[in-house]
Each structure stands twice: as C-alpha cells, then as structure tokens.
Amino acid sequence: MPMRHSSIAVFFVLLILAILDATSASAQTTLEAPLLFATEDGGERNGLAYESSTARIYTVSNTVELRAYTLAGTKVLGPEAITSGGVGVSGRSGETGIHFVEEAVTIGSTGVAAGTLVFIQAGASNDPLDLNETTLYALDAITGAAFASESVDTGILVPPAGCGDVLKDVAKGLGYSAARDRFLTIDLACQGVAEIENGDALGFVPVPGGILGTSGGAGVAVHPVTGHTWVGGAIQGLGTNVLAEFDENGAQLGSFAVVESGTTTPVVLRRLSFDATGDRLFVLTFGAEVFEIATPKAPAVPGLETLGRVALLITTFAVTGLGLRAGRADAASRPQRPGPDPS
C-alpha cells in the first residue's frame, strides 16, 4: 500500500479511538441502588465505612459519634463519641470521613494494624497556632477513642490556581490507596482529591466540573482490586448527584447517575465505601440512609462494545478500500504487455 494511503488509514484508527475515549468519559449511565436501611439518627451522614470481616456498616453523625449496623439495619454499636486524649475531637462536624485500612500504616509515630478504623477531620483546634488544620486519627472501633493522631502538613503542596491552601477547614470522606500508600479525601473548596502520605498532603487531583458541587456532600473510595478512585458528589437541596470513576493517572473512565431502585429519584450522595471484593459500593446519603450499588464491571458507556465493532468495520473498510483503489491505480499505470501479432 502506498505510504499516503497507509497514513490515511492510521488517521482513521486514531480518530475513532479518540472519539471512543472521549465518549467513555463523558457519557453517563444510570445505576439503580436499593435502600438497605435508614440510620438511627437523621444526622448520621458524615462518615461511612464498611468492615468486611464483620459485615458491618459504620457511620459518623453530625455530633461526631460512631455507630455500627448490620446490613439489615440492626444497630450493634453506639452512639460512641469519637475522642482524643479523653475529650471529644473539636473540628468541624461535616468535614469528616472514616475508613478501615487494608494494610498496616503509620499515623504519627504509631504503627497502626491492618483493619484499623481511621478517622479524618478538618478544622481541628489541637494546635493553638493553626485552628484550621486537618487531622488523621486511628480509632478503637468499639469505643471511638483515638490511640494515634497526626496533623496533616499542607505547606508542601502548591494549591491549584484560584484555591486557598488544600485541606484548610475542608475534608469530606476518606479512602486509602494501598498501591500509593496514601489516604484520599475530598476538598470541595479546591474541587479535587487530596492525597496524604506520612502526614503530608503530597498530591492533588482535580475533578472535572459537574461532579463535585461547591457546597453539599462528597465522598471518595478506592476500588480494592483495580485501584481506581471513585468520587461521588451531590448538591444539597438540588437533588443532583454524580458518581465517577478515575484511573490511577486521574483519567475519568465513567460517569453515573444513581437513582433509587425502581424509581427515578436521585440518591443524593454523601459518603462512599467499598466492600473487600470491590463488587459492592455502599452509599450514605444526605437523608442518613444507606444504599448499595453493584459496582459496574462493563464499560461505563452504553453501546461501547457496539461502537468498537463499528470502529473495526470502518477501519477495515478504510484499509482494504484504499488498498484496492491503490492496487487498481498501480495496475492501470503499469505498461501493458503486447499481445500476439494478428498478422
């Protein structure tokens, strides 16, 4: 095939792949989520963590108290005040998150075993020189008492343009990436995911517009198998909600609207938590209700497989069609062999 035709065929392939890639990030699929149970306290909407070994759902309330439930909604623990040094933690009640760590970590100078419940809170006043700091705590999941803590140093991280210091007075939800050894939380003011390692805010991944509101709820969870980051956002009072999946490089893979099963009623997302397999994603809402989503395993874009087949057909047509035309042109340009002399 002449070089010019080869280049055109390659152009077709690249163009189609680019269209598919853009479509996969922007198209939105609707997911249905069944209601598991309503929590005891209508203010239980500031922390959610699933503990796989006991199959219990843990929540944090507006009064910074810990409760635990079975998947059927039976309360088995709490309310237990989350405390540090024998007194209640003193940060902002809505800027919190909890997560059971999948591996051993260090908080402050204390080794923390895998399976420990970790709590994050912004606006803590443990440091009289910095009343807006964000703090990580390792908790006893039965009593709510912290046995280790560390303030997050945000001075190393250069904040995004137009944003103040990352994690100053804001931290919504908590996840953990075992692959990167980092805790993840949402900074709504800066519109992205902040990454914390060894007490330092070292990374920040912006979230595209239309996923996180400038106010209201947000949550983050890391898929335990793929390592992908899932972010959920909602705007209180508007009923809008978006759940999005991002790969380890921050590229958006899919976007989902979440509705209550059998209805078109939006599930107004507040906090997120996966089970140990990643097959189930639990969601805590503004209404302090817990829903369950079967984690999508197929491409997030409806008809993506069909589009792929169409792309293959178009590409094949482009290559073979151009090749045939090139063959005909070559044949026409070749000198014709003289036939036998009729005389």
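The shown structure was predicted, so the numbers you read here are calculated from the model rather than taken from an experiment.
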What are the two closest heavy atoms between P296 and W230, and how far apart are they? CD-CH2, 3.8 Å
Would you say the side chain of L243 lies within less than 4.5 Å of the side chain of I293, judging by non-hydrogen atoms? yes
From OG1 (T295) to CD (E245), nearest 0.5 Å: 9.0 Å
Side-chain donor/acceptor of E32 to backbone N/O of S261, under 3.5 Å: no
If you define the side chain from C-beta out and look only at heavy atoms, does anything of L212 sit under 4.5 Å from I186? yes
Please check if the side chain of S84 supplies one atom and the backbone of V89 the other of a donor-acceptor pair under 3.5 Å. no
Any side-chain heavy-atom pair from I82 and Y137 closer than 4.5 angstrom? no
S93 backbone acceptor or donor facing N46 side chain under 3.5 Å: yes
Pairs satisfying salt bridge (Lys or Arg N to Asp or Glu O under 4.0 Å), at least one member in residues 58-70, at least two apart: E40-R67, D41-R67, E44-R67, E65-R67
Of the non-hydrogen atoms in V64 and Q121, which two are nearest, and what is the gap between them? CG2-NE2, 4.1 Å
Determine whether a donor-acceptor pair (N or O, by modelled atom type, separation under 3.5 Å) exists between the side chain of T135 and the backbone of S151. no
With side chains defined as the heavy atoms from C-beta onward, is the minimum distance between P208 and Q252 less than 4.5 Å? yes
ring-ring contact (aromatic ring centres under 6.0 Å, His included) partners of H228, counting only residues at least two apart: none
Under the side-chain hydrogen bond (donor to acceptor under 3.5 Å, both in side chains) test, which residues partner E102, sequence neighbours left out? H99
Using modelled atom types only, decide if a donor and an acceptor are shared between the side chain of T285 and the backbone of E289 within a distance under 3.5 Å. yes
Would you say that L139 contacts V118 through its side chain, given a criterion of any heavy-atom pair below 4.5 Å between the two side chains? no
Looking at F246 and G250, what are the two nearest heavy atoms and their distance? CD2-O, 3.5 Å
Using a 4.5 Å cut-off on heavy atoms from C-beta on, say whether the side chain of V112 contacts that of T106. no
Less than 4.0 angstrom from a charged side-chain N to a carboxylate O is my criterion; do E51 and R56 meet it? no
I need the full list of ring-ring contact (aromatic ring centres under 6.0 Å, His included) pairs touching residues 39-62, with sequence neighbours left out, sorted by first then second residue. Y50-F282, Y58-F100
Please check this pair: side chain of D187 against backbone of Q191, looking for a donor-acceptor N/O pair closer than 3.5 Å. no
Please, which pairs that meet ring-ring contact (aromatic ring centres under 6.0 Å, His included) have at least one residue in residues 144-180, sequence neighbours excluded? Y176-F183
Enumerate the residue pairs fulfilling salt bridge (Lys or Arg N to Asp or Glu O under 4.0 Å) with a member in residues 188-197, sequence neighbours excluded, ordered by first and then second residue. R180-E195, R182-E195, R182-E197
Side chains of L167 and T185 in contact at under 4.5 Å (non-hydrogen atoms): yes
